[in-house]
Structure formats: structure tokens, C-alpha cells
Amino acid sequence: MKIDPGNGLKLLCAQCRLPLVSAPVTVRYLGQAFPVELPRCPQCGYTYVPEDLATGKMLQVEQALEDK
Amino acid sequence: MDGTRVREWEARCVEEQAPACAASCPVHVDARAMLAHLAQGRFRQAYEVYARAIPLPSIISHLCHHPCESACLRAQAGDPLRIHLLERACVAFGRTDIPLRTQRPSKRGRVAIVGAGISGLTAAIDLYTKGHDVTVFEAAAALLPRLCLLGEQTLPAAVIEADLARVRESRMALRLSETVDLARLDGLLADFDAIYLAPGNGSRPDLAGWLDLDDKQRPIVDPLTFATSHPAVFAGGRLRHGDDGAPILSVHDGRYAALSIDRALQGASLTANRDNQGAYASRLYVDTSRHPAAPALPPDIGDAYGAEQAQKEAARCFPCHCLECVRVCPYLEHYGSHPKRYIREIYNNDSIVMGQHKSNRMVDSCMLCGLCAAVCPNQVSMADVCLEARQSMVDKGKMPPSHHEFALRDMAFSQGEAFALLRHQPGRRQSRYLFFPGCQLSASAPQHVLQIYAHLCATLEGGVGLMLGCCGAPARWAGREDLFAANLENLRAQWASFDQPRLITACSTCLRAFKDLDAAPAVESLWTVLEREGLPPRAASAPPVSDYAIHDPCTARQETAVQDSVRRLLDRLGVAHHELGAPGLGTCCGFGGLASFVNPEVADKVVDRRADEDPADYLAYCAMCRDNFARRGKRAVHLLDLIFGAAADPAERADPGFSRRQENRARLKTELLRDLWQEATPTRAARPDLSIADDVRADLERKWILEEDVRQVVRHAENGGARLIDPDSGHVIASYRPAAITYWVEYAIEDGRCVVYRGYSHRMEVGDTP
Ligand code: SF4
Ligand code: SF4
Ligand code: SF4
Ligand SMILES: [Zn+2]
């Protein structure tokens, strides 16, 4: 999945005080896993899911998997 | 799903039955399709429809005695369509002289056609285009010899020639002036695989011994297959019908004999799948009364139609369809087809083991309101189909988790500690009655529950207990019979523990749930109780009186006593009211079947169309109906608004939305316990205090995010959970996943309150670095 990080790379992790960086992560649903690049805190690993992704591509994939 | 039952459902929908015109035509010219093209001025396409059924279109358009017109249902609203003249118009204005094309059969055969009349040539053309080697034998010196004698008046030579040209241009062998007697016939069997015998009228004693003959000395012919006693010989046309044989019957025989011959050559069954061969009576239901009468248009050019007049006459075709259910149900309309097709699709969807289940959303978008069955001539119930399909999806683990989870969580809330309650009337230890207001009235207008309960306690003898909870309808609608049954069993146990009092429900959905129980408790609607026992004294501040249009909830469709009581209560209140069509035939408000959670677009169409039926304010007696109208901007009141009066204009009351619904239920329970039973409940103040702008609130509702979901995220973040800061705005962005959904909220703490800027959610789980 090619992801537009939105404003994600501007955000700071509140605990680590570090800006997020694009990092490979896995998203999972109904037993399926997909590799994606998402804005992530380089220290604690907290990962941001932009709204456009959640309500767009991610929703589509969720629905397709639910209909499998 | 049970395949036998599915097929039975499918068979009951008559929409795919042929219209009367096509069914009564011996070769089933699809006049409905032909006229649809004609009405649009598409003469060539109209001609193609005609010529597909009629291999000699010019000739037959002159000679057919048009039994279709006697069957045409337009006769019930004006005159039958002049189909025969319109067929001539198709030929006159749409004829295309495409040479006969041939297909490649899997087994090519040699066929002799004896007799070049209408029947013989029909069979010859059909077999030729199927790819067989065809030889036509004719005793006369010309093709169609009998027709040539009819004269220019009846059948101009040019008309005959128009149809014969492509026969002559084909690679068929045409052997004119060759008499085929018995000796010759026997010889033909050596050179040909099959013979079609269509020599015209007349007894044939000469064939005795070679073929079985009837008492008129004609070959005995099977009326379905046109087989004779000889396996390679088929016969038909006027040889079979005699002089009364109409030309279209000769076409019929030629066509279906050719079908048999082709099957015999391919080694296929002669008799399989031959239902509805020849003229029959269609079962298609058509409500002709909905069409204003329109007389036939006279031919305008001599005894024929000009192109324009033909177009106008064709436009008189209804066209014939049933679609009674599709007309009244925006859901059925939305998917662009009709129940027979839907039932098949749903069954296929149910049978898929691997691959996409494309119809899941369709199955879950039905409101289960039962209107389709109420208007269908054969009581086809899509509600039954969709409910069974949902149960099957649940059983197979194929129900998409996102479809009903929100509604089921809302139901669980109503069954849980926050709302559920069982008490005798204050100061009593017994209950002759048990009032069950249901979860939605309590959610929409909790003060009405307090008021009506007080009234029931004051009016009814023997104690009125109170039971708060949900009847479980959402579980049933979600296909979760397990949850539904468990919930009802729980309610029944509570009822039994009170010595089986008489149940009174304020909601017709609850009424039905209790009534559907085996050994159902004695249960009655609040409205019939009020009609019998009397209304409370009218509140001082009467509502603005208008002439209300009554919307009956779909779950009260069968409850005529309830419907009647509501009307009499309105009379007693002195409130003017009128009907929205027939009381049992209204649409759902869009909430039924949980459709609005799965397909808000369709559910909104349903409410909106219902709302547009009448400009008057609507009167509902289901809280969910009332709120759905309000949500879509339709002025609507609940019957209790009129009974108790309200300070402000009750038709303007906004839909509370799902967060408020839960708060209202919880608050109702707290107030009841405190005020009626003097029981304090631990107040669980909702923290943090949220400040949400109206547009953000509406957006959260649309995304099925509750304020409590938002609070959980904020609490988690403010208690040290992970969170992000947007350096530009200073807002916090945080997420929390209480169970199967991750909620994200952007907020800021301002003056001790939490200002919410947006929220969204996803079901996918974000894991670690791969
Ligand atoms: S009303 Fe609907 S389901 Fe019933 S026969 Fe007609 S098209 Fe079919
Ligand atoms: S109204 Fe049209 S569709 Fe119906 S029977 Fe007549 S020609 Fe056929
Ligand atoms: S929404 Fe109602 S009328 Fe429409 S298909 Fe479903 S049960 Fe039938
Ligand atoms: Zn961090």
C-alpha cells in the first residue's frame, strides 16, 4: 500500500518529543496482514494512521476482507 | 440456506414470466421488447426483435392472425395494442437485408425438407443457420407456391420476394419441380440424416406402412417434438393442421421441428426443457388499473401505420410488468432488479465458499419491514429471504463484523447495568401488570416514560411493575438468533418472577418480539390499554394542533387493533388526522432491519420518500420512526407528545442521536430509582467533560462514534497513554482501541474542558515493524 502520510511527519510524539518518521509497519485484519509505510515515533514506535487512510483505502480493504 | 425453500421462493415471483402478448404468440415474438424499441423510434432494433422469432418476417407480418392482440392486457385500459400493424411497420421502416448466417454445429447433419411452404422454409432456414446441410424439395416450380396464388391484394409478390431473396442467395440446395413420393422418401433416407415432411394439406394414404397414420390418413405427429413413428422423420405444417392451419402455426411447427431435428443430430434429448413451447397463458401479474385508458390509434397511411403514428401507437404499451414490490420499496429499487433475481443472487452469495461475497451488503440493507409481501400477488417476502440469509451468514462466520456491531453494542448497553431494571410499583409487592417501555422510547423521550408510567400506576388496579430493557429485535435483525433468544429468555424469566403479570409495551417491535415467543406471555400494546382505560388529564400546555398524517410503524403492519386504537385516541384528543395511504401498506422509517447501519444511503432514501408523501406533520407511535423523520428534517410528533402536551413545538424536537440515546436511558433509570423507589445509584459522571461543535457531533454520529468512545480515548491519553502533538495547532491526536475498533481523536484541553475537533476510526490493527 502506498500511503500519503498527510500531516503525519509534522507530528511530535508527546512522550519522546521526537518528530514521526516514515517507517514500515504491518496492519492486520481478519487474519490477513499487509505491509505499509506509516508515520511512526522512532523511539517508542507509536504509529499514526491518518484519517484519509482510515476512511479511504483502509476501509476499502476492511470491507473487501469482510466479504471474503 | 435451504435450497428447496429458495427455489420455492424464486418460483413465486412472477416478474420473469413473459407478458401476455409474447406468451400467446405460438413462437413468442417479444412484442414488449419490440414495442419498446418502436416507441423510441428504433425501427431497426424493433425489426431485429421481430425477425429473431419470425424467419419470414415480410410475409408473416402480412398474414399472421395476431392472437397476441386478443391477449394484450392493454384491452383492460383502452384497446389492445395493434401489434400486427406494428410488426408491419417494423418491416417497412426497420428491415435489414442481412444474408443468412450459419453457425458451426458440433455435429453437422444432412437434412431434407419436403415442401417449400411456410413450415418447410421456416425449418430450412433454422437448420441452415444452425449450420446443417439443407436440401429443399418442392413439387411445384416455385418456392411458397400456395402463397403466390393469394394475389397482389392479400400478399404482394414483392413481399414474398423480400423474404425469399436471402433463401435463394444462401447455400441451401433448392430442388424445385421434384415430387417426393413414397419410393423417393425411402431413397432420401439413404442420403439424409433426417427429413422434415411439410408437403401441405392433404391425406397421405400412400405413406401407410412407412409411417403410422391416423384415421384421416395423416401421419401421427408428436405435438411436442413433431416426431413421427420413424425416428429420422419429422412432420408438421398444414399436413398436421389441415386447411384451418394459420400461417403462424406453420411457422410454429417448422421452428420446433427444426429444434427436434437439431437435437436428434446432436444426440440430445428431444423432450427436455420444452416447457412453454407454443401459446400459453402467462402468470405475469399486471395491475392494469394504474394505467389511464388510452384508445388504439388508427392506421394513418391507407391500412398501415406511418413511422410517426407507429411510434405513438407503440408507446401505448404499458409495458407489462409486476414489480409491485419494487415500486413501493426504495431498497428493492436501489439494486436495479426484482426479487426473483435477488433471491438467486442471495442464494449464490450464500453458497460461495471461496471468493468475494458480493451480496452481503444487499442482504443486510433490507429493512425486514414486510411491505413487499403485503403488496405481492404471491406474498413473496424479501424479509424472510434476507433474514434467513443473515442467519446463515452468522452461522458460517461470514457476517461482516462491521455491519451490526454498533447496533448490537447499543443493545448490550440497554440490557446492561446502565439501563436494565425490574421493580414492582412503588409501595407494592405484587404486579398485575408489567410496563415495558422499550429501549427507544426511553432513549428518545425519557420524560414520557416517567409520565405514562405514573398514569398507568394511577389508573390500573393491582400494581404496575416496570421492566426496563431491550426486546432484542436488533439481534434478530442481525441474524443473531442466539442473542435474541437468550435476551428474550432473560426477560421472560424476569416476567415469570413477578408471577406472570400482563405485559404492556409502548413499542410495536417489542410487542411483536413477545408475541412471537412460544407460549407467549399475555401482552398488549400501550395504545389499546390507553383506549380502554382512559387517557391522562390533558396537560395545560397543549401542543399546536395540526392535521396530522399517521405513519404506522412497519412492525405494526399486522396489528389492526393497535392501528385502530391509535386513531380513536387521536379522536378522543380532538386531534385532526388523516391517512398516508392504507394503514398496513406504509414503508418503514428506515430503521428496521438495522439497514441504516449498513446502508445509510438506502435507509435515507426510504425515510425521505416516506416523508415526501404528505406535506402535513407526521404522527408516529414508534419513537424510532419519529426520530428518523426528525433526523431527515421532516416535522413529526410522537403520540405521547400529543397526550402530554409539550412546552415547545414537539414536531421540531431534534433526533437525539446515538450518544444522547444512551445517556437518556441511563438518566431515566437513575431518576426513576431516585424519585420512585428512593434508591440512590452511584452517579458515574461522564469524564472528561466534552465540548463538541454541532458539525463535529454530526460527523461523529455519521461515523458511528459515540461520545463515550471519544472520552475513552481522551482518558487514556491524559492518563499517560501514547499521544501526538500537532506543533502548528497545539492539538493532541491520540488513539485507543478498547476492543475491535481503534478510535482516533484530535482534541485540546481548554479551560478544563476537552474540546473535540474530530474523530475517526478503523478496524485494522496496526502492528509492529515486519
Ligand atoms: S410483487 Fe415483486 S416479488 Fe411479487 S411477483 Fe411481483 S415482482 Fe415478484
Ligand atoms: S400492454 Fe404491451 S406488454 Fe402488455 S400485453 Fe400488451 S403489448 Fe404486451
Ligand atoms: S425493505 Fe421491506 S419492502 Fe423492502 S424488501 Fe425489505 S422487507 Fe420488503
Ligand atoms: Zn514516542
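None of these values were measured; they are calculated from a predicted model. Order of the sequence lines fixes the chain letters, A, B, ..., with proteins taken first and strands second; residue numbering starts at 1 for each chain.
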Asker: Are side-chain heavy atoms of L11(A) and I725(B) found at a separation under 4.5 Å?
Answerer: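 Answer no - side chains too far apart.
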Asker: Are H357(B) and K68(A) side-chain neighbours, meaning at least one heavy-atom pair lies under 4.5 Å?
Answerer: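 When only atoms from C-beta onward are counted, K68(A) and H357(B) do not touch, as no gap falls below 4.5 Å.
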Asker: Out of curiosity, D67(A) CG to N360(B) CG, how far, rounded to the nearest 0.5 Å?
Answerer: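 Atom-to-atom, D67(A):CG and N360(B):CG are 4.5 Å apart.
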Asker: Got a second to check how far L59(A)'s CG is from Y760(B)'s OH, nearest 0.5 Å?
Answerer: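 L59(A) atom CG to Y760(B) atom OH measures 13.5 Å (nearest 0.5 Å).
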Asker: Heavy-atom cut-off 4.5 Å, strictly under: side chain, backbone, both or neither for D728(B) against chain A?
Answerer: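 D728(B) touches chain A through side-chain heavy atoms alone.
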Asker: With side-chain contact (heavy atoms from CB on, under 4.5 Å) as the criterion, how do V49(A) and V766(B) come out once you've worked through the C-alpha distance, each side chain's angles and the decisive distance to 0.1 Å?
Answerer: CA-CA 8 Å; V49(A) 178; V766(B) 177; 3.5 Å; yes
Asker: Could you measure the distance from the CZ atom of R763(B) to the CG atom of L65(A)? Nearest 0.5 Å is fine.
Answerer: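 The CG atom of L65(A) is 12.0 Å from CZ of R763(B), to the nearest 0.5 Å.
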Asker: Can you tell me which portion of S761(B) sits under 4.5 Å from chain A's heavy atoms? Options are side chain, backbone, both or neither.
Answerer: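 Contact with chain A involves the backbone of S761(B) alone.
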Asker: What's the verdict on side-chain contact (heavy atoms from CB on, under 4.5 Å) for E66(A) and S402(B), showing C-alpha distance, side-chain angles and the deciding distance?
Answerer: CA-CA 8 Å; E66(A) 289 192 345; S402(B) 65; 2.6 Å; yes
Asker: Are side-chain N/O atoms of Y46(A) and S735(B) paired as donor and acceptor at under 3.5 Å?
Answerer: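 Present: a donor and an acceptor within the cut-off.
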Asker: By a 4.5 Å heavy-atom criterion (distance strictly below it), what part of K703(B) contacts chain A: side chain, backbone, both, or neither?
Answerer: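 Just its side chain gets close to chain A.
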Asker: Looking at R723(B) and Q15(A), what are the two nearest heavy atoms and their distance?
Answerer: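 Closest approach of R723(B) to Q15(A), heavy atoms only: NH1-NE2, 4.3 Å.
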